[in-house]
Amino acid sequence: MTASAAKVARQHRTRHWLRRGLFVAYGFLGYAFFYLPIVILVIFSFNDSRSVSKWSGFTLRWYEAMLQDHQIMVALWNSVFVAVVSTLIATVLGTLAALALERYRRFPARLFADITLYLPIIIPDIAMAIMLLAFFKLSGIGFQTWKVSIAGLRLAVPYSVIIGHVAFNISFVAVVVRARLAQMDRTLDEAAQDLYATPWRTFWRVTLPLMMPGVLGGALLAFTLSLDDFVITFFTSGAGFNTLPVRVFGMIRKGVTPKINAVSSLMLGFSLLLVTLALLAARGNEDRKIQMF
Amino acid sequence: MSDASVPAVELRDVVKRFDDVVAVDHVSLQIAPGEFFALLGPSGSGKTTTLRMIGGFELPTEGEVLIEGEPQGYKPPYQRPVNTVFQNYALFPHMTVAQNIAFGLEMRGVPKDEIRRRVGEMLNLVRLSGYEKRRPHQLSGGEQQRVALARALINQPKVLLLDEPLGALDLKLRKAMQLELKAIQEQVGITFVYVTHDQEEAITMADRIAVMNHGRVLQVGPPPEVYEQPRTLFVADFIGETNFIPVEVLRVGSTVEVLTAGGARLQAGWAEPSLNAGAPAVAAVRPERMWLHRPNTAPEGGPWNRVEGIVRHVIYHGLDIRYEIHLAGECSLHVRLPVGRGDADVFQRGEHVIVVWPSEATRVFRRDS
Ligand SMILES: Nc1ncnc2c1ncn2[C@@H]1O[C@H](COP(=O)(O)OP(=O)(O)O)[C@@H](O)[C@H]1O
Ligand SMILES: [Mg+2]
C-alpha cells in the first residue's frame with residue numbers, strides 16, 4: 001500500500017467516524033430536547049422536598065398525598081369516565097363513518113362528508129371548543145350532568161363534555177379505521193357473499209374481524225386523546241367540573257408542587273401504556289396485511 | 001335436475017356500461033350443463049365483467065342472465081346457485097383452511113358433522129389433507145388455488161365461475177394445474193365458466209371457447225373449430241400463430257381467388273361474407289400448414305397455393321425448424337417443418353424456395369375487422 005493510499009483510507013475512516021459520531025450526538029440531543037423535561041418531572045415526583053429544583057432523597061409521599069386528595073381522585077375518575085364513554089360512542093360512530101366513506105364511494109356530497117369529517121382534526125382546539133360551547137348554549141343542552149358513583153365517589157359529568165369528546169374523537173377513529181379499510185381486499189367481501197353470506201353476516205364474519213386492528217387502534221387513540229384533552233373539556237364543562245388535566249391546570253395556578261409532578265407522572269404512565277397498546281394493535285395490522293397477499 | 005335441453009347459463013343480449021365505457025356489448029351465450037366453457041380474450045375485453053354478471057356482482061345494464069332457465073334479475077350473489085374462484089383467490093386470511101372451505105356450508109346452515117365430513121372429502125379431492133389448521137398465508141400459490149377451488153366446489157354449485165384461476169402461478173405449476181382442474185371438472189361434472197387470456201390454456205382445457213374483444217363475443221365454438229376456422233381477423237390473430245398476406249380480392253362466391261402484392265394468385269377455402277371483388281383483404285394461413293420446396297420439385301396444379309420467396313432465417317426448435325421466408329412485396333411468412341426428414345430437406349439461408357399450402361387452409365378476412 002502506498003503512502004497516499006493509506007492517507008486516503010485514513011481520511012475515509014475519520015470522516016466515517018465523524019459522521020457517525022455526529023449522527024449519534026444529534027439523536028441524543030433530539031431525545032434530550034423532547035424527553036429531559038419529562039424525565040426531570042418524573043424524578044422530582046419522588047423528591048422528598050417541596051422544592052422542585054433541589055434533590056433531597058426518595059419518597060412516595062407525593063403519590064400518597066395525591067391518592068388522599070379528594071379533588072384529584074374525583075378528577076381522575078371523571079377523566080376515566082369521560083374517556084371510556086366517549087371512546088365507546090366515537091368508536092362505533094367513527095367506524096360506521098369510515099365504512100360509509102370507504103365502501104360506498106359513490107354517493108352525493110361525498111366530498112362534503114369527507115371534509116366535515118376531517119374538520120375537527122384540522123381546526124384549532126380552541127375554535128372547536130368555542131363552537132361547541134355556543135352549540136350547547138343555543139341548543140339548550142347546557143351543562144346538565146350525568147350522575148354516577150364510581151369507586152365510592154359521586155361524579156357529576158356534564159353531557160356536554162362527553163358530546164364534545166365524541167365530536168372530535170369520531171374523526172380520529174374514522175381516519176384510523178379508513179386507513180385499515182383502504183388496505184383491505186374488497187374481493188373478500190364478495191367472496192363471502194358468493195358463499196351465501198348476506199351483507200349482514202359478511203360484515204360480522206369477514207369485514208369486522210379484518211378491520212378490527214384498525215378499530216382497536218382508533219379506540220385507543222380516542223381514549224388517549226380524551227384523557228389528555230384540556231381545551232375542549234375546559235370550555236364545555238361549565239363550572240366545578242374537573243378532569244385530571246383541568247385539575248392540574250387549577251393547581252398549577254397556585255404554584256408548582258411535587259404533587260402536580262406525581263399527577264403528571266401518573267397521566268404520563270397512562271398515556272405511555274395506551275400508546276404502546278395502540279402500536280401493538282397497529283403491528284397486528286401489519287401482520288394481517290402480509291397474510292392477505 | 002340438469003335437464004340437458006336447458007342451458008346451465010344463458011346470456012340474452014347482455015350489455016354492461018360503466019359510465020361511458022361499454023364493458024360488455026350485446027353478448028348472447030348458451031352454456032350447456034356439464035360443459036367446460038372458456039371466455040377467452042385480451043385484457044380489457046370484458047371477460048371479468050361477463051363473469052361477474054353471472055355471479056351477481058354486477059347487474060346488466062341491458063339484457064338478461066339466466067341460470068338453469070331461471071332469470072336472475074336483481075338477485076344478489078348470495079342467492080345465486082353459482083360459486084366463484086376469484087383471480088387472487090380471496091381466501092379469508094383470518095380463518096384456517098378448514099374454516100375457509102366450510103364457510104359456504106356454514107352460511108347455509110348445514111349441520112356441523114356433515115360440514116366436517118364434506119370438508120374432509122374436499123381436502124381429499126384437492127389433495128390437501130392434513131392442511132386443515134393452516135392459514136392461507138402459510139400456503140404456496142398452488143395450494144391457495146386449490147383451497148379456493150375446494151371452498152367453491154364444496155357447495156355443489158350448478159355453475160362454477162373461475163376468473164383466471166391459474167394466472168398467478170408459474171408456468172410449470174400452471175400446466176400441472178390445468179390438467180388437475182380439467183380432471184376435477186370431469187369428476188364432479190359441474191359446469192365451468194373459465195375466464196382466461198391465455199389461448200393455449202383455453203384450447204387445451206375447454207369444451208367450447210367464446211373469443212371476446214372490445215366487449216363483444218366474436219366467435220363461439222369447440223377449440224379445433226375456433227383454431228381452424230376463425231371467422232374474423234382478430235380471432236385468427238389471437239389464437240395460435242398465423243401468417244397474414246395482404247391481398248386484393250379477385251373473385252368471391254363458390255371459389256375465392258385473391259391477388260398478392262407480389263402478383264401471385266391464391267385460391268382460398270373461405271372468405272368473410274361481406275367481402276366483394278376488388279376489396280383490400282388479408283389472406284391467413286397457419287405456419288404448420290405450409291411446406292417448402294426447391295423450385296424444381298414443387299408440385300404443379302392441384303388444390304395448392306404457391307408463392308416464391310427467399311429464406312431469411314432458419315431457427316432450429318428441437319421438434320421443428322422454423323423458417324422465415326421473404327416474399328416479393330415486403331411480406332414475410334413463417335413456416336414450420338418437422339425435423340428429421342433428412343438433410344436434403346433442410347433449407348439454407350438465402351436459398352430460393354417455393355412455399356406451398358393447400359388452398360382450403362387459406363382464409364380471407366377484411367383488413368379492418
Ligand atoms: N367497475 C368498473 N368501473 C369502470 N370500468 C370498468 C369497471 N370494471 C371494468 N371496467 C372496464 O370494462 C372493460 C372490461 O373490463 P374487464 O371485464 O375487467 O376485462 P377483462 O376481464 O377481459 O380484462 C375495461 O375497459 C375496464 O376498464
Ligand atoms: Mg379480468
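To find a chain, count down the sequence lines: A is the first, B the second, and so on, and within it residues start at 1. Quick caveat, the model's predicted, so the values are computed rather than measured. Both backbone and side-chain heavy atoms feed into the values below; hydrogens, waters and symmetry mates do not.
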Revision key, fill the gap. So CZ of B:Phe86 and CG of A:Leu188: to nearest 0.5 Å the spacing works out to 9.0 Å
Check your understanding: If you round to the nearest 0.5 Å, how far is CZ of B:Arg80 from CD of A:Gln193?
Key -> 11.5 Å
Check your understanding: Given side chains that start at C-beta, do those of A:Arg205 and B:Met95 come closer than 4.5 Å, heavy atoms only?
Key -> yes
Review point. Heavy-atom distance under 4.5 Å to chain A: side chain of B:Phe57, backbone, both or neither?
Key: side chain
Review point. Got a donor-acceptor contact below 3.5 angstrom from the B:Arg108 side chain to the A:Tyr196 backbone?
Key: no
For a quick test of reading the model, state the closest non-hydrogen atom pair linking [X] to [Y] and the distance between them.
| X | Y | answer |
| --- | --- | --- |
| B:Ala90 | A:Ala191 | O-CB, 3.8 Å |
| B:Phe103 | A:Ala197 | CE2-CB, 3.9 Å |
| A:Arg201 | B:Met107 | NH1-O, 3.3 Å |

Exercise for review: Quickly, which of A:Thr202, A:Thr198, A:Asp194, A:Leu195 forms a side chain to side chain contact (heavy atoms under 4.5 Å, CB included) with B:Tyr78? Name it, please.
Suggested key: A:Thr198
Review point. Is it true that atom OH of A:Tyr118 has more than 12 heavy atoms of other residues, nucleotides or ligands lying nearer than 6.0 Å?
Key: yes
Exercise for review: Answer yes or no: are there more than 12 heavy-atom neighbours, outside A:Tyr31 itself, under 6.0 Å from its atom OH?
Suggested key: no
